[in-house]
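Notes to accompany the following structure.
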Amino acid sequence: MWVNYDSEADILYIIIREGPIKDTVEADDDVLIEIAEDGNVAGIEIWNASKNLLDPIAKVLSARIKKSLEATTRQ
């Protein structure tokens, strides 16, 4: 498994395994699941990744760091 981010297209690719793709399922807006010939998930594409994934992760991490720093300064 590996992850690749295309900054020009703003697409995050999560490749679970290589091989022929039988079908692609739209799981949500901007989230596509690639199905292998054996029916297992082969990959996930997240379009507009900076908005849909990276920004929310950054906000959560920022809040956790801020909370940790505040707890440290109170001690």
Handout entry: Of all pairs that satisfy salt bridge (Lys or Arg N to Asp or Glu O under 4.0 Å), the ones with a partner from residues 16-28, not counting sequence neighbours
Key =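 Output for this query lists R17-D38.
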Handout entry: Residues clustering with L69 (ILVMFWY side chains joined when closer than 4.5 Å, directly or via others)
Key = I65
Exercise for the section: Mind checking side chain to side chain contact (heavy atoms under 4.5 Å, CB included) for A27 and listing every partner two or more places apart, or none if nothing turns up? Expected result: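 Only V31, I33 meet the side chain to side chain contact (heavy atoms under 4.5 Å, CB included) criterion with A27.
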Problem - Counterpart residues, side chain to side chain contact (heavy atoms under 4.5 Å, CB included), relative to V3 (two or more places apart) - result: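 Side chain to side chain contact (heavy atoms under 4.5 Å, CB included) check on V3 returns L12, I14.
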Handout entry: Under 3.5 Å donor-acceptor, S62 side chain and A58 backbone
Key =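 No, the answer is negative, given that no donor and acceptor are paired below the 3.5 Å cut-off.
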[atom1]/[X] to [atom2]/[Y] distance, rounded to the nearest 0.5 angstrom?
X   : Y   : atom1 : atom2 : value
E45 : I11 : CD    : CD1   : 6.0 Å
L32 : I44 : CG    : CD1   : 10.5 Å
I35 : I21 : CD1   : CD1   : 8.0 Å

Completion exercise
Sorted by chain and number, sequence neighbours left out, side-chain hydrogen bond (donor to acceptor under 3.5 Å, both in side chains) with D6 holds for none
Practice task
Examine Y5 and I16 and state if one hydrophobic cluster contains both, with Ile, Leu, Val, Met, Phe, Trp and Tyr joined whenever side-chain heavy atoms are less than 4.5 Å apart.
Solution key: yes
Indicate every side-chain donor-acceptor pair of residues 48-57 with a distance under 3.5 Å to a residue at least two apart or in another chain.
from, atom 1, to, atom 2, distance (Å)
N48, ND2, D30, OD1, 3.4
N48, ND2, D30, OD2, 3.1
S50, OG, D10, OD1, 3.4
S50, OG, D10, OD2, 2.8
N52, ND2, D30, OD2, 3.0
N52, ND2, W47, O, 2.8
N52, ND2, N48, O, 3.3

